[in-house]
Structure formats: C-alpha cells, structure tokens
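To start, the structure itself, in structure tokens.
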2 protein chains.
Amino acid sequence: MAEVGAEVMNKRVIFKDFVTGFPKVSDMSVTSNSMRLKLPQSSNAVLVKNLYLSCDPYMRMLMKPGVSVSATSYTPGDVLFGFGVAKVLESTHSNLKEGDLVWGITKWEEYSVIDKPERLFKIHHTDVPLSYYTGILGMPGITAYFGFHEICCPKKGEEVYISAASGAVGQLVGQFAKLVGCRVVGSAGTAKKIELLKNKFGFDEVFNYKEEPDLNAALKRCFPQGIDIYFENVGGKMLDAVLQNMRQRGRIAACGMMSQYNLEQKEGVHNLLYVVTQRIRIEGFEAPDFFHQYPKFLDAVLPYIREGKIAYVEDVAEGLDAAPAALVGLFTGQNTGKQLVALASN
Amino acid sequence: MAEVGAEVMNKRVIFKDFVTGFPKVSDMSVTSNSMRLKLPQSSNAVLVKNLYLSCDPYMRMLMKPGVSVSATSYTPGDVLFGFGVAKVLESTHSNLKEGDLVWGITKWEEYSVIDKPERLFKIHHTDVPLSYYTGILGMPGITAYFGFHEICCPKKGEEVYISAASGAVGQLVGQFAKLVGCRVVGSAGTAKKIELLKNKFGFDEVFNYKEEPDLNAALKRCFPQGIDIYFENVGGKMLDAVLQNMRQRGRIAACGMMSQYNLEQKEGVHNLLYVVTQRIRIEGFEAPDFFHQYPKFLDAVLPYIREGKIAYVEDVAEGLDAAPAALVGLFTGQNTGKQLVALASN
C-alpha cells in the first residue's frame, strides 16, 4: 500500500471527446501519470485511494456538451468522474480523517484529490460488502427506495411494472414492491436476466422485451387489469406502450430514459393523451433529491440485507483497464446486475 | 312557455356517425321530434327545459368509438350530450323540484328527460348570468381553479405559461395565477384573442403561436428564466417546446391536448428526457375529480365575479341550428372566449 508522501504512478481513465451515438471503448483512454500522494497545504480537500467505481447510465448524458448553465458534462481530455467507494489517505477536511471509508463522487483513477469532500458520505457499516455502496447502499439504492416509496406512493395489491428490471435500480424496486405487497412484473433483454428476475428477485411475472414483437400486447398479457405504477428507466417505445396500459390515477416515476441517451433525435412518444384521460402522474426525480434522507434509508435497507430479505446481484469488472468496456456495455445490456469496477479491496 | 303535459316539437342535434379527422357540421344533423312533456310514473328522472349548452373540446374524444369498457362515446343516430344549464319542469327525484335551475350533463335538445339527475347541480346563485354555469361557474371553472391550485401548487412569483389562453379554461387560469402573484404568459391564435389576453385578462406577456416560426424560441424570449408551471391544453409540438423550457421541479397540469384530438396518428413528443433531468411533474386530471369540492369553489370564485376581480368572455351562438358550427369551430379556433349555445333565457 502506497504511503502518503510517496510518488506513485496513477492510472486513470480519460474522456477523449464528446460522444455521438452509442459510446465506444475508444471514446476513452487509460493512461498513467506520476503523482505525489500529498495534499497541498491550506486546501479543504481529501486524498483518497479509490476502491470501487460505479458504472451508471446517467454518465452517458455527461458525454455530450452541457445544454445549460446548470448542466455539467465531462471535459474532453480530463479524467472521468462518477460515484465510487474510496478510502481516505489524507484529509484537510474537518469531517474526514485518514482511514475513513467513503462513498460519493470520485474520479476514475487509482488515487484522487477530491476538492468537494462535502459530496462524500462516510461509511459506518462494513459488515456488508464495501462494493454495495456503489449500488444497493449508494446512489442506485437511494434512487430505487425513494423513487418507489415517495414518487410512486405504492399501496398493497397494486400492479407494478419495471423496465430494465435486472439493473442496479430495477432489481431493487422490484423487491421493494414485493415487500409492500404489490404484484410485480419486470422486463429485461436476455434469458439470463429473465431467469434472475424470476428466481432470484421474486418477480411475479417477467418478459424478454427483445422477443416481443408488440410491447403493448406483452403488457396487456401481463397486466389484464392495467398498471398502477411504472418505474421508468427506458423511455421511448416502452413508455408509449406503458401509457396505453396505465390504470386510472397511475403513477410513473422517471429517473432515466436509457433508450434515448444515445439517440441524437429522440424517439417521439405518441400516447401522452392517456395522461389526461387516465389522470396519470409522471414525475422525474434524481437520487440527490433524497440524499438528505440517507440515514433513514440505511435504517430501512441495512436490515433487509442483513436478514437476507433482499437479494442483490453485481457485475464486477476488474481494474481500470476493463473500466471503459464495462461502462460502454451498460448501453447494450452487456451487464447482468449492477455494473461496477473493482480497483482494490482496501 | 310549454306546460307539463303538452305535446311539443323538440328540436335536437343528432350525432350521425363516428368522426375521423376534424369534425364537420355535416357530422351532425338538427331534427325535430314530437314529444309529450311528461315523465313516466315511477321514474327517478327529471324533465328539463335546456337554456344553455356548453361546447367543450373533450367532446371530440366522444366522437370516436370508446377504447375501453370505461370510456364513453356518443352513439351514432342518437342525440349529443354535454354540460348545460337547464330549468326543471317536472321531477320525480327527491332533491329537485319544478322551477329549480340546474347545471350538469344534459342533452343537445330543447327538452330533455335526464335519467341520472344525480349528475345535476342545483343553481342557488342567480345574481350572475345563468350562462356562467357552462363556464366560469361550471366544469371549465372547476377545471381551471382546481387544476391550477391543486395540481400546479403555485407560489407567488412563479412563472406560468398557458396555451389556448383565451379559451374557457385558459382565461381563468391566467387570472387565478395573477391573483396568486405569478407572472403569466399566454398564447393564442388570433390578434383578437391576443388583445383580450393583454387588455382584458391582464396577462403579463402574450404571443400568437401561429406567427412564431419557432415555439422554443418564442418561449425562451418570454421566459428567459424558464417556466415553473405550464397549464397544458394543447399537447404535441407545443408540449415539446415547453419541455425544453421548464425549470427544475416545474409542474405541468394536463386537462386536455386539443391539438391531438383530430389526429389519427398522434404527434410524437420528443423531449420527455427533460422530465428526468429537470424533475418535472406532469399530471393529468379532469374536472369531475373535483366536483365534490364545488361549494368550496363557489365560495372562492363568486366573490371574484361579484367584485369584478375576474373578467370573463363568452362566445354565444344562438339556437340549436347554430350549435353544430359552434362545436366544430372550437377545433379551428373560431371562438373567442368560452363557446356556448343559448337556447332560452328561462
């Protein structure tokens, strides 16, 4: 283990240039730079060793130029950033000290200087795998938990549909919905994912959307009474089919529209008139909206994990050299379960 | 005035057949039938003389076959129905008696037997024009009042945009928004309507959408800071432009998507990804969702009318012969203000 003050080679993933269409491995490069493991004096920063990096669909949106003042994007030629788990090597920030484990926004490299340590959460519970803080105990878990409970307002017995259901968020929403007493249907795009949904995550019904010539017909088959809650991860054609099958006062929580991220011209959604006639509520949200409720979230979800009431599947790529392919694979459905990159275990 | 028991000729508007595309005057016929003004014994019905009939955009949706068990549609060969104001001639219903004035669902004819009198509201306040109960004091007023206050959750200083702003609902939403202290921008399609919005209804800014080559640019000009609340009456391209201009946590209340009713293939809406990135809430609703709050509504709105705090503009067609053209004209923007048909004053 490298010591503070040492000179090290720091491997990193560089974002080469803005992306059009599907991202490719060649849109990134893996390089190494020499770095001294030492914070500048009078900084308010943290020096960390990165342990796990999270691959998340929203990262695709940062690969094009920001569309407004508030929107961020990756800087061509600079290192990628995203959620991750890290260990503090040195800190000039009052709330963090050497040896602390944290999760939050870090960079895609072995060692990082984090200028905004207020975006890091200290990890207090280490009886669960540290990698879980990129998923079930991190941003995707918060997305699933609050998106489902606070945006969807579920009631026992309601009919819940989840697209991209085996992904980091989908697998959790499905299980939260079962815990509330809902009937849960999920869709995914490979036989392996379908098998997981059915046998590992306990979905009531599943279908492979790639094998359905007519999504509307598939949904009618799975939901003869209609859908009360749709957890939207996909957008486009899937949303259009769902709108035709929503019940009165149905709710659609939208935290992503993954099918649209790689399209320059977004697909048109034609069935929004159902929003009026069925009194549907569609609501967008993002996990940071709920970060202030993180302690409440841990109180709810940690016991589920410890008691085995929730299953959780990760897809782990090893090392930074494998990181670009892992990220790119999200958009063609290569991953089964939560995609992350493991750099070191401590 | 015809007496109960008399034999009369009852003029009526017949819905000829399901409509494709824009409705035409020839999709309806005006005929007269002989009728005895007498309820059958042991009925639970009400015999009324219709005074005012309301022309409302939702009626277009009833001109095609119902798409589900719950959806109603007009019956080819039968008389049209809709909201109206009527006078009770005879009643076998315990809550209504001869001479009562009512508003609610009636038929497009001079005299009607109303089988479901529970859908009629008794009119207690006659110091305002009776025709107002087809608009500001009826279904459109309820739509505007609760849609704005309960679905849009407005706060003082927020930026409000209203499409179809001079219509029955739009003109009221704009004025309710001004009373809350919002900045209000409206669009309409004729110079006369634009003039009304500006000089009669007190909108802060207005534009003629037919003269704007680029709706997105028009909205950017009117809302340099973005839109907090959009009251959606139009759908399609307008919604697409609005989505690009919504602020974080903006709200869209959708009670209609008038631009879409006459299209067999609905326009695609391409910008729904903004729902996620801007955390927008889109919520559909219909006036009947709030009918149980009608007394509360009257307490709020009647004083506004009596004190002249709200202006209200009607477009009145005279007599059933003019009714089909009045209804059809809604869809090409012929009306200026709330379109209704006057049959009799008492």
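Everything quoted here is computed from the prediction, not taken from an experiment. Chain identifiers are assigned alphabetically (A, B, ...) following the order of the sequence lines, protein sequences preceding nucleic acid strands; residue numbering begins at 1 within each chain.
- Only the side chain of A:Arg249 comes within contact range of chain B, with at least one heavy atom under 4.5 Å from a heavy atom of that chain.
- Contacts of B:Asp289 with chain A are made by both backbone and side-chain atoms, with heavy-atom separations under 4.5 Å.
- The greatest number of non-hydrogen atom pairs below 4.5 Å with chain B, out of A:Arg281, A:Met61, A:Arg251, is found for A:Arg281.
- Taking chain B as the reference chain and counting heavy-atom pairs below 4.5 Å, the highest number among A:His270, A:Glu283, A:Lys266 is found for A:His270.
- A ring-centre distance under 6.0 Å is found for B:Tyr294 and B:Phe297.
- Neither the backbone nor the side chain of A:Glu232 has a heavy atom closer than 4.5 Å to any heavy atom of chain B.
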Using the rule given for ring pair (Phe, Tyr, Trp, His ring centres under 6.0 Å), can you reason through A:Phe81 versus A:Tyr74, listing the C-alpha separation, both sets of side-chain angles and the distance that settles it, and then say yes or no?
CA-CA 8 Å; A:Phe81 57 85; A:Tyr74 293 129; 4.8 Å; yes
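- Heavy atoms closer than 4.5 Å to chain B are found in the side chain of A:Leu239, but not in its backbone.
- Atom-to-atom distance recorded for B:Arg183:CZ and B:Ile229:CD1 is 13.5 Å, nearest 0.5 angstrom.
- Counting heavy-atom neighbours within 6.0 Å of B:Lys220 NZ, excluding the residue itself, gives a total above 12.
- Comparing A:Val269, A:Val275, A:Ile151 by how many heavy-atom pairs each has under 4.5 Å with chain B, the most go to A:Val269.
- Neither the backbone nor the side chain of A:Asp240 comes within contact range of chain B; no heavy atoms are under 4.5 Å apart.
- Only the backbone of B:Ile280 comes within less than 4.5 Å of a heavy atom in chain A; its side chain stays farther off.
- Interface residue A:Glu286: backbone and side-chain heavy atoms are both found under 4.5 Å from chain B.
- For A:Glu264, the CD atom counts as densely surrounded, since its 6.0 Å shell holds more than 12 non-hydrogen atoms of other residues, nucleotides or ligands.
- If you tally non-hydrogen atom pairs under 4.5 Å between each of A:Asn271, A:Leu273, A:Leu263, A:Ile252 and chain B, the highest count goes to A:Leu273.
- Proximity to chain B is absent for every atom of A:Tyr58, based on heavy atoms less than 4.5 angstrom apart.
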